[in-house]
Amino acid sequence: MTANAQTSQAGSVTTVLDVKGMTCGHCEGAVSSEIGELAGVSSVEAVAATGKVTVVSASPLDEEALRAAVDEAGYELVGKA
């Protein structure tokens, strides 16, 4: 299983995103908070040092919804990592 793909596991989907502009813990919290409000999201882990955000959800998430959430937090969704 690679981190570059959306993978389905035990009834959940893990998506790794590449987000530009995160530099600190506050950034991680802002991005995690906005993505966490999307329907079906069960966990979000943002890492400013790598720019990676790992999202676990009940089903695949709409990329435009993810982009809107990241934009709302003040950052840029580059794409899926």
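Between Val55 and Leu17 the shortest side-chain heavy-atom distance falls below 4.5 Å. Between Thr15 and Lys80 the shortest side-chain heavy-atom distance falls below 4.5 Å. In this structure the side chain of Val19 never reaches within 4.5 angstrom of the side chain of Val78, judged on heavy atoms. Annotation: side chain of Ile35 is in contact with side chain of Leu66 (closest heavy-atom distance under 4.5 Å).
Under a cut-off of 6.0 angstrom, the local environment of CD in Glu37 is crowded, with over 12 non-hydrogen atoms contributed by other residues, nucleotides or ligands.
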Step-by-step side-chain contact (heavy atoms from CB on, under 4.5 Å) determination, Val53 to Met22: CA-CA 10 Å; Val53 180; Met22 294 188 302; 3.9 Å; yes
Chi angles and distances behind the side-chain contact (heavy atoms from CB on, under 4.5 Å) call for Val41, Leu61: CA-CA 8 Å; Val41 172; Leu61 296 169; 3.8 Å; yes
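Checked by atom type and distance alone, the side chain of Ser33 never pairs as donor or acceptor with a backbone atom of Gly29 at under 3.5 Å. Judged purely by atom type and a 3.5 angstrom limit, Glu28 uses its side chain to pair as donor or acceptor with the backbone of Ala48. Remark: the backbone N or O of Val56 is paired with a side-chain donor or acceptor of Ser42 at under 3.5 angstrom.
Nearest approach of Ala73 to Ala30, heavy atoms of both residues: CB-O, 3.7 Å.
From Leu77, atom CG reaches atom NZ of Lys20 across 12.0 Å, with rounding to the nearest 0.5 Å.
A salt bridge links Lys52 with Asp18: the closest approach of a Lys/Arg side-chain nitrogen to an acidic carboxylate oxygen falls below 4.0 angstrom.
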